Amino acid sequence: MGGKKPPRVIYWFRTDLRLHDSPALKAALDLQPEVLWPIFTWDPHYVYKVKGGVNRWQYLLDCQNDLSGSITKLNPKSKLFVLREGPQTLFPKLFKAWGVTHLVFERDTDTYAKERDRFVMQLAIKAGVEVITRYGRTLWDSDEVVAKNGGKPTMTIMQLQHAGQKIGQIPKPIPAPVSLPDPGETPLNFEHNEPDSRPDLNAEYRENKDKTYSTISGPTGDFAPETLEELGFPSATTPHRGGETIALKMLSDIIANKEYTATFKKPNTSPAAFEPQATTLLSPAMHFGSLSVRLFYWKSQEVVDGYGKGASSPPESLTGQLLFRDMYFAAQAGIGAPFLQTLNNSHVRFIPWHLPSKYTEDADNSDGPTTISGEYQVDSPVAEKWFQRWKYGVTGFPFVDALMRQLRQEGWIHHLGRHLVACFLTRGGCYIHWERGADVFEEWLLDHEPACNAGNWQWLSCTAFFSQFYRCYSPIAFGKKWDKSGALIRRYVPELKDLDEKYIYEPWKAPPQALAAAHVKIAGDGMGDAKEGVYPEPMLDFNERRTVCMNAMKVAYQIGLRGDDKKVKDGSWKKLFEDAGEKEMEGAEIPSDDNGSEADDAENENHKRPRKTRTGRKSDAVKEGPMDRHFKKVKAGS
DNA sequence: TCTGGCGTTGTATAA
DNA sequence: ATTATACAACGCCAG
C-alpha cells in the first residue's frame with residue numbers, strides 16, 4: 001500500500017442521483033481520494049434506443065441539476081461533471097487524460113447496463129484502474145435474494161420475504177457526506193466520439209436538431225447538465241419535478257404524517273384522487289435514485305414501530321410496496337433478459353394475444369429467436385385501432401381515457417389506475433398483448449422501471465405472479481367505487497366536465513337533453529383531429545368482451561404453454577388453439593381458405609424481414625464486439 | 001404426496 | 001349502508 005499513488009477517483013453517477021444513503025459514494029470517499037470527480041456520462045443507448053417522453057427527460061435533468069447544486073454546496077470547486085459521450089469510448093481516454101486510479105459506481109440491474117458495466121470494467125483493468133462497486137438500488141442485493149431463494153426468481157412476495165429474512169436485516173441508511181474532495185483537472189486533449197444516433201427512437205419528440213453530442217463538455221464548455229433545448233425537446237408537461245432535495249422533502253412530509261404512514265394500505269388508496277394523489281409519488285425518485293429505497297424503508301418502519309396498535313403491515317403497508325419492488329428486481333435477476341418479454345421466459349404463460357411482438361433474428365442461435373424486436377405484428381386491424389384509441393385516451397370509456405390522458409400529460413397515474421387500464425387492454429377487454437401496454441408505459445411513465453413494469457403487466461394480464469383471471473376490472477364500476485361524481489374524468493376529459501354524474505362513466509347512455517345540457521356530443525372514434533364538444537362512442541361492448549376474453553383465457557390456461565416452449569417459437573402453438581376451438585385468436589389469422597398456408601406465411605413474416613442491425617450496417621455486423629453497436633467506429637483522421 | 005386455506009387492490013346481486 | 005355470496009375455479013404454501 002505504502003508506495004501507491006494517492007487515489008484519484010471518478011465517482012460515476014448513473015441511476016443513483018443522490019448524496020444520501022449511497023453505499024457506493026461512501027466507498028469512494030473511504031478511499032480518502034486526493035481528487036474526486038463526480039461525473040455523469042451521456043449513454044447513447046438511453047438517448048436514442050430507449051423511447052422516452054419529454055417528461056422523463058425533464059425529471060432526469062431536475063435530478064442532475066439538484067445533485068450538482070448539492071455537490072457544490074459541499075465543495076464550491078466541485079459539481080456534477082456531465083460528459084457528452086458514451087462510457088464505452090470515453091473511459092479509456094478519460095483514465096489516461098485525467099490520471100485516474102479508481103472508478104466507483106453503484107451496480108445496475110438492467111441487462112444493457114450490466115453488459116455495459118462489464119465492458120467498462122474490462123477497460124479499467126486494461127488501464128490499470130481499480131473498479132469498486134456497491135449495490136444500493138434495492139433493499140437487498142437481488143443476486144443474493146435469488147441465491148437464498150434456491151437460485152430461483154422470486155415469483156411471490158412470500159418467497160421474497162423468506163429470502164430476505166435469510167440474508168438478514170436491510171442495511172440502515174448511510175448519512176450524506178459532510179464534505180467532498182476537490183475535483184482534479186479536466187483536460188479534454190483527446191478525440192471526441194460521436195455515437196451513431198440511428199435509429200433515434202425519440203426523434204418524434206424532438207422539435208429541434210439534437211445537439212446532445214456536439215461537444216464533450218456541453219455548449220457552455222463547463223460540463224453543466226443538459227437542457228431540453230440541447231436535446232432538441234420541447235417543454236415538459238408534467239407537474240412532477242425531480243431532484244434529491246424535493247424527494248427528501250416529500251419523504252419528510254409523508255413521515256411527519258404518522259397516521260398516514262403507519263396505517264397506509266395500498267388497496268384502500270384511491271386511483272381517482274388527484275391534488276393530492278393518494279400515494280406517495282416517490283416511485284420516480286427511486287427510479288432515478290434521487291431517493292434511496294432503504295432510506296424510505298427505514299423512515300417508514302420507524303414510524304410504524306412507534307405507532308403501536310393499528311399499524312398496517314406488509315404486503316399492504318408502505319414497506320410492503322417496497323418489498324414488491326424488490327420481488328420484481330429479484331425475479332428479473334433470476335430470469336435475466338427474458339423477464340421483460342414472453343418469448344424465452346419460462347415463468348410467463350403464453351396467451352395468443354393480438355398485436356404480438358416480432359422477434360429478432362439471432363444468427364448465432366440455432367434454437368430460434370430469443371428476443372423481441374420492438375416491432376409488432378398487426379394481426380387484427382380492429383385490435384390495432386383499439387390499441388391506438390387506448391394509448392391516446394379515446395376509447396369512449398371515460399375513466400380509461402382520463403387515466404391514459406393523465407399518464408400522457410403527467411407521466412404518473414395511481415397504481416390501481418394502472419391495474420384498470422392494463423386489465424382493459426389485455427385480459428379484460430381488448431385481448432391485446434401485455435408487451436404493447438408495457439411499451440406505452442415505458443414511453444410515458446416517469447417512474448418506468450423495466451423490472452417493475454414488466455412484472456406488473458405480467459401480473460395484470462395473468463401471465464405470471466397472478467392468475468385469477470375471472471377477477472376482472474370494469475371500466476365503469478371500478479371508477480365509480482372511488483369517485484362517484486367523476487372528478488378525475490372532469491379533470492382529464494374536459495369534454496365531459498359538465499355531464500350529469502349519473503352518466504359520467506357511461507356517456508353513451510345519456511339522454512339527448514343531458515348531453516345538450518353538457519354541450520357534448522357522443523360520436524365518432526376519437527381519432528384524427530379532436531373536435532370541440534365531441535366525445536367518442538365506446539369502442540367495444542365491455543360486457544361482451546369480458547366474456548369473450550375470459551373464455552379465451554380459460555382455453556389458454558388449459559393449453560398451458562409457457563414463453564420458452566418450442567411451440568411458441570416455431571408457431572405450432574396455433575394448431576393447439578384451433579383444435580381447442582378458441583375463437584378470439586381467429587383475429588390473429590389472415591382471412592384465408594381452409595389450407596391455412598396464408599396464416600403460416602403471416603406467422604413467418606417476421607423471420608423473412610431483412611436483418612436490421614442497430615448501426616444500419618449489414619455486412620460487418622458479425623465482426624462487431626458486444627458493445628460496438630452502440631457507437632460509431634472512430635472516424636479515421638477526423 | 002395430498003389437501004384446504006388463502007392470496008396487497010373484481011363485480012353484481014342480495015340481504 | 002355495510003356485508004355476504006356466487007361467479008368459476010389458479011396455484012402457492014403449510015400442515
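First the proteins, then the strands, lettered A, B, ... as listed; each starts at 1. Keep in mind the model is a prediction, meaning the values are calculated, not measured.
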Distance test, side-chain N/O of [X] to OP1/OP2 of [N], below 4.0 Å:
X	N	value
Lys554(A)	dA8(C)	no
His162(A)	dA14(C)	yes
Thr269(A)	dT9(B)	no
Lys481(A)	dG10(B)	no
Gln468(A)	dC6(B)	no

Report the distance from atom [atom1] of [X] to atom [atom2] of [N], rounded to the nearest whole Å.
X	N	atom1	atom2	result
Lys266(A)	dT9(B)	NZ	P	12 Å
Gln159(A)	dC6(B)	CD	C1'	15 Å
Tyr505(A)	dT11(B)	OH	P	12 Å
Leu460(A)	dG10(B)	CG	P	10 Å
Met327(A)	dT9(B)	CE	P	12 Å
Phe478(A)	dT11(B)	CZ	P	6 Å
Arg427(A)	dT9(B)	CZ	P	12 Å
Phe469(A)	dA8(C)	CZ	C1'	8 Å

side-chain hydrogen bond (donor to acceptor under 3.5 Å, both in side chains) with Glu244(A): which of His20(A), Lys249(A), Arg18(A)?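 It is His20(A); the other options fail the test.
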
From the set [options], return the single nucleotide nearest to any side-chain atom of [X].
X	options	result
Ile157(A)	dT11(B), dG10(B), dT8(B)	dT8(B)
Ala477(A)	dA12(B), dT8(B), dG10(B)	dA12(B)
Pro267(A)	dC10(C), dT9(B), dA12(B)	dT9(B)

With rounding to the closest Å, how many angstrom separate the [atom1] atoms on [N] and [M]?
N	M	atom1	value
dA14(C)	dT1(B)	C1'	13 Å
dC10(C)	dA12(B)	P	22 Å
dA9(C)	dC6(B)	C1'	14 Å

For a quick check of understanding: with a heavy-atom distance under 4.0 Å over all strands, which category does [X] fall into, base, sugar-phosphate or nothing?
X	answer
Trp482(A)	nothing
Met550(A)	nothing
His414(A)	nothing

Hey, are the side chains of Phe296(A) and Thr280(A) touching, using non-hydrogen atoms and a 4.5 Å cut-off?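 Contact flag for Phe296(A)/Thr280(A) side chains = yes.
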
Any side-chain heavy atom of Tyr376(A) sitting closer than 4.5 Å to one from Phe387(A)?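 SC-SC contact between Tyr376(A) and Phe387(A) confirmed.
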
Tell whether Gln321(A) reaches the base of dT8(B) with its side chain through a donor-acceptor pair below 3.5 angstrom.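 For Gln321(A), whose side chain was compared with the base of dT8(B), there is a donor-acceptor pair (under 3.5 Å).
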
Just wondering, do Tyr557(A) and dC10(C) stack (centres under 5.5 Å, planes under 30°)?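 Here Tyr557(A) fails the 5.5 Å or the 30° condition.
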
May I ask you to establish whether Arg427(A) and Phe466(A) are in a cation-pi arrangement, using a distance under 6.0 Å from NZ or CZ to the six-membered ring centre and at most 45° from the ring axis?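 Not flagged: Arg427(A) not positioned over aromatic ring of Phe466(A).
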
Do Tyr505(A) and Phe397(A) have ring centres separated by under 6.0 Å?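 Distance test on ring centres: not under 6.0 Å, no.
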
When the ring centroid of Trp390(A) is compared with that of Phe424(A), is the distance short of 6.0 Å?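 No, they do not, as the ring centres are separated by 6.0 Å or more.
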
In the structure shown, which nucleotide is the Watson-Crick or G-U wobble counterpart of dT8(B), with both distances under 3.5 Å?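 The base-pairing partner of dT8(B), which may sit in any strand shown, does not exist here.
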
Does dA9(C) pair with anything, Watson-Crick or G-U wobble, both distances under 3.5 Å, and if so, with which nucleotide?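 Checking every strand shown, dA9(C) finds no partner, since no pair has both distances under 3.5 Å.
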
